[in-house]
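Let me begin by presenting the structure, written as structure tokens, before commenting on it.
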Amino acid sequence: MITEYIKVTPQDTEILTKAGEIIRSGGLVAFPTETVYGLGGNAYDPKASEKIFAAKGRPGDNPLIVHVAAPEDAEAFAYTNETYYKLCRRFAPGPLTVILPKKDIIPLSVTGGLDTVAVRCPSHPVARALIKAAGVPIAAPSANISGAPSPTSASHVLHDMDGRIEMILDGGCCDIGVESTVIKIEDGVCTVLRPGDIIPRELCSVIPDVRVAAAVTDPTAAGDKPQSPGMKYKHYAPASRLVLLDGDREQFKEYVNSQKGKCAVLAYTEEIGNFTRAFVMDIGASGDAHTQMKRLFSLLRDTDSLCADVIYAHLPPKTDEFLALYNRIIRAAGCDIVKL
Ligand code: AMP
Ligand code: MG
């Protein structure tokens with residue numbers, strides 16, 4: 001298949017109409033969102049979701065998020081409730097995904113066999129224009145080959161999806177750089193299944209009782225039946241071994257400088273001059289969680305061309321602000337953590 005790659009703005013009505021038509025008729029279009037690039041198909045068409053799983057090599061029990069242009073559009077395929085609308089009033093459109101009971105119109109192939117469906121209303125103008133042009137909700141996981149770092153630019157998508165899908169819409173780099181916060185609500189308790197840019201403390205302003213699923217910070221806690229199937233799979237892994245170092249900056253510097261092999265380091269901006277023999281990549285200032293989230297996946301992809309024996313990075317703190325970064329990087333490293 002020839003993949004059409006097109007630069008697009010929200011005003012490019014002709015291109016977006018064509019992309020919407022591809023989705024409505026069962027094809028796949030990758031598109032930018034404020035979190036990462038999504039790989040979109042018609043959420044009502046089981047064949048389209050099968051194509052998504054095939055293009056990504058994604059395990060069939062890892063459900064897709066269904067994207068809508070407005071929170072009330074979820075009524076067509078999910079049983080909504082007052083808490084959902086309260087959350088939407090505060091956070092939609094934006095990087096929040098809410099798990100709701102599904103209606104029959106959503107095929108089980110979209111939800112990985114679950115009786116619930118994940119709903120998100122993205123804020124990116126191209127994503128919103130595409131959903132409107134398609135006229136159907138769009139099922140879309142991240143547009144990467146399963147297991148690879150999520151794509152934060154259209155060139156990442158092209159690298160992974162060229163020849164596998166009908167179209168890639170290039171709307172520039174993603175602002176946030178990590179996937180949406182995924183939550184479920186049960187008996188008035190909000191559980192964060194996947195952390196993202198919307199942090200637990202912010203959710204507390206709408207639902208006072210917010211908990212974080214154990215598997216967010218400890219993948220081995222996911223067990224055989226995790227609450228969110230995506231928790232159990234290897235994720236975001238670069239080609240080289242990624243090792244997280246748990247220690248202060250001085251210990252980090254000494255450890256990296258004492259290594260013999262060909263190594264790369266994801267260093268804080270303040271310490272990029274500290275390394276004598278590693279290839280240094282700037283992940284952002286030590287306290288700047290937003291910049292670090294925005295750069296993480298892109299830097300992990302960049303390390304692939306270095307053919308390094310090992311990549312070192314700091315183990316982030318487990319605070320609210322760094323929770324998404326912590327969650328992604330420990331999975332990228334396969335929990336390979338060295339205590340200094
Ligand atoms: P991705 O599409 O790569 O952003 O991954 C979607 C994430 O949402 C995965 O971690 C899924 O496990 C999670 N997810 C989607 N639908 C559900 C659902 N019905 N229940 C729990 N988690 C879900
Ligand atoms: Mg993904």
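Order of appearance sets the numbers: ligands from 1, and atoms from 1 within every ligand.
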inquiry  = Is there a polar contact between ligand 1 and T116, counting only N or O atoms under 3.5 Å apart?
reply    = yes
task = Determine yes or no for a side-chain-to-main-chain donor-acceptor pair under 3.5 angstrom, with R164 supplying the side chain and I52 the backbone.
result = no
ask   = Under 3.5 Å, side chain of K103 to main-chain N/O of E75, donor-acceptor pair present?
value = yes
query = Does the pair E82/R89 count as a salt bridge with the N-to-O cut at 4.0 Å?
reply = yes
key: Heavy-atom nearest option to atom 18 (C) of ligand 1, drawn from N62, T35, I99   = I99
message = Are Y236 and F297 an aromatic pair, judged by ring center distance below 6.0 Å?
response = yes
message = Distance to the ring centre below 6.0 angstrom and angle to the axis at most 45 degrees; does that hold for K102 and F77?
response = no
Proximal ligand 1 atoms for [X], defined as those under 4.0 Å from one of its heavy atoms:
| X | value |
| --- | --- |
| P141 | 2 (O) |
| L114 | 18 (C), 19 (N), 20 (N) |
| R194 | 1 (P), 4 (O), 5 (O), 6 (C), 7 (C) |

Under 3.5 Å, is there a donor-acceptor pair between the [X] and [Y] side chains?
| X | Y | value |
| --- | --- | --- |
| H290 | D197 | yes |
| S180 | R194 | yes |
| E179 | S142 | no |

ask   = Relative to the ring of H314, is the ring of F252 parallel (under 30°), tilted (30 to 60°) or perpendicular (over 60°)?
value = parallel
Per-residue contact class, R58 against ligand 1 - non-hydrogen pairs under 4.0 Å = side chain
key: Part of T97 within contact of ligand 1 (heavy atoms, under 4.0 Å)   = neither
inquiry  = Ignoring waters, how many N, O or S atoms from the protein are under 2.8 Å from the Mg ion (ligand 2)?
reply    = 1
